[in-house]
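Notes to accompany the following structure.
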Amino acid sequence: VESQRRHRSFCPAMATTAKFWSKLTAAQAHKTLPRVINSGQGAHLDIGGKAYLNFCSSHYLGFAEHPRLKKAAQDAIERYGLGTGYRTLTGTHALHTELEDKIAHFKGTEAAVCFTSAYAANASAVQTIVGKDDIVISDQLNHASIIDAVRVAGVQNKFAYAHSDMTDLESKLVAASELQKTPKPNGEHPLILIVTDGVFSMDGDLANLPKIVELAKKYDALTMVDDAHGEGVLGKGGRGLVNHFGLEGEVDIEIGSLSKAFSVMGGFIAAKQPLIDCYLMQARQRLFSIALTIPDTAALLEAVTMLSESEHLVQKLWRNVDYLRKGFTDLGFDIGKSETPIIPIMLGNEDLAKAFSAKLYEEGVFASAICFPMVPKGTARVRVIVSASFSQKDCDAGLAAFKKVGAELSL
């Protein structure tokens, strides 16, 4: 009886699990659902039986519907089926090793290893080599997958430098160098890892990679660049930001996405062979997760082959970028600091950005409003992502819609 009385006296007014379900139920009032697409990811999307100009997906080269990629996937299914397995057991297919060899050759690195997402590649890249007593220095605007990778690694000594501010980065390196003087419990001195996005996905600007590499050498730090939006876009034939700046062999870890310009799924790490061997043997996201499927891998092989054969699609992408960038500027829109196919139409006010996006949708253009917390308050924008799949007619239609909506909203 006494124990029952004590139990009742410690019971909360509402049971913990009941509170949990109550919070979830209340949150449902704010649920938003994505638009459902009934077509492939081409220049136009079928949504509810109507065609919309696709200004908001990262299929930079139009590979999502390319006949060669579809045929490669279909042929591979006929020959090998669909599924794979764990890479450490029966899941490493000949197509996987061929893809990794081709990516390394394409990127100009000694080796590469693939994952089922770039998110997993980022997590592996950091968690496998950095522990809680090491030091990570990260750009303030780095992608969430980098932030999460550092959290998963349990790093206690974390610095964030002001976006692309190399003076601030150096000040953080000075502080990190002081911390590095104190050995870890195992007697080794902490590693310093500088991590940056290559292309920043909200503004379309580039990391100052030459200066980052210079500072890394000065302060004995490793460098890692997440080039998710640079692969297939920047550099010779789409070889990425490192190639764009002529820094092959000087960046320690390159992360790439296989779902944006390559338009399939997955991610990779490209680096020197000893580091890739470390990831092969120790990366938990590789050891305890399934491998890329057969059709995905075959399609990716075809995409890398096509980029190795010709620069045509990359050049077409940049013609469209230049055309749209000039068009938006001529219409009086502020496109921020964009240097890439990501073009933000800076509006500032969140309600205005949402209204602008909604009116564009009414005009048959799908372009997303980007608001807080994705960007700081007061910097809302409508983000346009350019593709090589656009014809000039598509570009003109998009510009006409922006002009019309801008006039309606008195911009």
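Here the structure is a predicted model, which is why all the values come from computation and not from measurement. All values below were derived from every heavy atom in this structure, side-chain atoms included, with hydrogens, water molecules and symmetry-related copies excluded.
Contact record, A111 with Q273: CB-OE1, 3.3 Å, taken as the closest heavy-atom pair. Of all heavy-atom pairs spanning I342 and P344, the tightest one is O-CD, 3.6 Å. Residue P295 comes nearest to A73 through the heavy atom pair O-CB, 3.7 Å, listed as atom of the first residue, atom of the second, then distance. Of all non-hydrogen atoms in A104 and A112, the two that sit nearest each other are CB-N, 3.9 Å. What you find for A388 and L313 is that their closest heavy atoms are CB-O, 3.5 Å.
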Side-chain atoms of residues 42-50: list all donor-acceptor pairs with protein atoms under 3.5 Å, sequence neighbours left out, distances to 0.1 Å.
{"from": "H44", "atom 1": "NE2", "to": "D394", "atom 2": "OD1", "distance (Å)": "3.2"}
{"from": "D46", "atom 1": "OD1", "to": "G49", "atom 2": "N", "distance (Å)": "3.0"}

If you look only at distance, which donor and acceptor atoms sit under 3.5 Å apart when one is on a side chain in residues 224-239 and the other is two or more places apart or in another chain?
{"from": "D226", "atom 1": "OD1", "to": "A228", "atom 2": "N", "distance (Å)": "3.2"}
{"from": "D226", "atom 1": "OD2", "to": "N122", "atom 2": "ND2", "distance (Å)": "2.9"}
{"from": "D227", "atom 1": "OD2", "to": "L241", "atom 2": "N", "distance (Å)": "2.7"}
{"from": "H229", "atom 1": "ND1", "to": "Y60", "atom 2": "OH", "distance (Å)": "2.6"}
{"from": "E231", "atom 1": "OE1", "to": "K107", "atom 2": "NZ", "distance (Å)": "3.1"}
{"from": "E231", "atom 1": "OE2", "to": "K107", "atom 2": "NZ", "distance (Å)": "2.8"}
{"from": "K236", "atom 1": "NZ", "to": "E311", "atom 2": "OE2", "distance (Å)": "2.8"}
{"from": "R239", "atom 1": "NE", "to": "F106", "atom 2": "O", "distance (Å)": "3.2"}
{"from": "R239", "atom 1": "NH1", "to": "K236", "atom 2": "O", "distance (Å)": "2.8"}

Compile the donor-acceptor pairs under 3.5 Å between side chains in residues 208-216 and protein atoms, sequence neighbours left out, one pair per line.
{"from": "N208", "atom 1": "OD1", "to": "K211", "atom 2": "N", "distance (Å)": "3.4"}
{"from": "K211", "atom 1": "NZ", "to": "E214", "atom 2": "OE2", "distance (Å)": "3.0"}

Please table the atom pairs, donor to acceptor, closer than 3.5 Å between any side-chain atom in residues 20-38 and protein atoms at least two apart or in another chain.
{"from": "T25", "atom 1": "OG1", "to": "W21", "atom 2": "O", "distance (Å)": "2.8"}

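Salt bridge E100/R87: present, at least one basic N to carboxylate O contact under 4.0 Å. With respect to the salt-bridge test (charged N to carboxylate O, under 4.0 angstrom), the residues K217 and E250 qualify.
Of the options T97, L95, I103, a side-chain contact (heavy atoms from CB on, under 4.5 Å) to L99 is made by I103 and by none of the others. The only option from D134, T128, D133 that meets the side-chain contact (heavy atoms from CB on, under 4.5 Å) definition with V130 turns out to be D134.
Using a 3.5 Å distance cut-off with no hydrogens or angles, the side chains of H93 and T84 do not pair a donor with an acceptor. For the 3.5 Å distance criterion, the side chains of H143 and S145 qualify, holding a donor opposite an acceptor. With 3.5 Å as the limit, one finds no donor-acceptor pair spanning the side chains of K158 and S138.
Counting non-hydrogen atoms of other residues, nucleotides and ligands closer than 6.0 Å to NZ of K404 gives a total of 12 or fewer. With a 6.0 Å radius and a threshold of 12 heavy atoms from other residues, nucleotides or ligands, R284 has its CZ atom at or below the threshold.
Side-chain atoms of I194 and L173, non-hydrogen and from C-beta on, do get closer than 4.5 Å to each other. At a threshold of 4.5 Å between non-hydrogen side-chain atoms, the residues L258 and C114 count as touching. The side-chain heavy atoms of P341 and L317, taken from C-beta on, include a pair separated by under 4.5 Å. By the 4.5 Å heavy-atom criterion applied to side chains, L61 and L307 are counted as neighbours. Side-chain contact between Q41 and S389: absent, with no pair of heavy atoms (C-beta onward) separated by less than 4.5 Å. Counting only heavy atoms from C-beta outward, the side chains of V155 and I135 never approach each other to under 4.5 Å. In this structure, E98 and K102 have side chains that are in contact, with non-hydrogen atoms separated by less than 4.5 Å. Two residues are said to be in side-chain contact when any heavy atoms from C-beta on lie closer than 4.5 Å; T379 and M202 fail this criterion.
The ring pair (Phe, Tyr, Trp, His ring centres under 6.0 Å) contacts involving residues 158-180 comprise H163-F200, where partners must be two or more places apart or lie in separate chains. Within the structure, every pair that satisfies the ring pair (Phe, Tyr, Trp, His ring centres under 6.0 Å) test and touches residues 360-401, not counting sequence neighbours, is listed here: Y52-Y361, F55-F390, Y361-F366. For the side chain to side chain donor-acceptor pair (under 3.5 Å) condition, the pairs that include at least one residue of residues 328-354, sequence neighbours left out, are K326-D330. Sequence neighbours left out, the pairs with a member in residues 190-204 that pass salt bridge (charged side-chain N to carboxylate O under 4.0 Å, His left out) are D203-R381. Annotation: ring pair (Phe, Tyr, Trp, His ring centres under 6.0 Å) contacts involving residues 241-292, sequence neighbours excluded, are absent.
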Task: Stepwise side-chain contact (heavy atoms from CB on, under 4.5 Å) check, N320 with S387 - done: CA-CA 7 Å; N320 285 345; S387 172; over 6 Å; no

TODO: Decide side-chain contact (heavy atoms from CB on, under 4.5 Å) for L411 and L347; before the verdict, give the C-alpha distance in whole Å, the side-chain angles of both, and the deciding distance to 0.1 Å.
DONE: CA-CA 9 Å; L411 295 179; L347 299 170; 3.8 Å; yes

Task: Stepwise salt bridge (Lys or Arg N to Asp or Glu O under 4.0 Å) check, D75 with K71 - done: CA-CA 6 Å; D75 290 348; K71 185 177 187 305; 2.7 Å; yes

- [ ] Please lay out, stage by stage, how L82 and I77 fare under the test side-chain contact (heavy atoms from CB on, under 4.5 Å).
- [x] CA-CA 6 Å; L82 293 164; I77 290 172; 3.8 Å; yes

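Residues passing the side chain to side chain donor-acceptor pair (under 3.5 Å) test with S171, sequence neighbours excluded: D168. Among residues two or more places apart in sequence or in another chain, the side chain to side chain donor-acceptor pair (under 3.5 Å) test is passed with S357 by none. Y323 meets the side chain to side chain donor-acceptor pair (under 3.5 Å) test with Q392, D396; sequence neighbours excluded.
Checking side-chain atoms of R286 against main-chain N and O of L280 turns up a donor-acceptor pair under 3.5 Å.
For the atom pair OG of S124 and CD of Q285, the computed distance is 3.5 Å after rounding to the nearest 0.5 Å. In this structure, CG on L300 lies 7.5 Å from CG on L69, to the nearest 0.5 angstrom. Distance check: H189 NE2 to K181 NZ gives 11.0 Å after rounding to the nearest 0.5 Å. Interatomic distance, CG of D101 versus CG of L301, reported as 9.5 Å (0.5 Å rounding). In this structure, the separation between CD on Q140 and CG on L169 is 11.5 Å, given to the nearest 0.5 Å.
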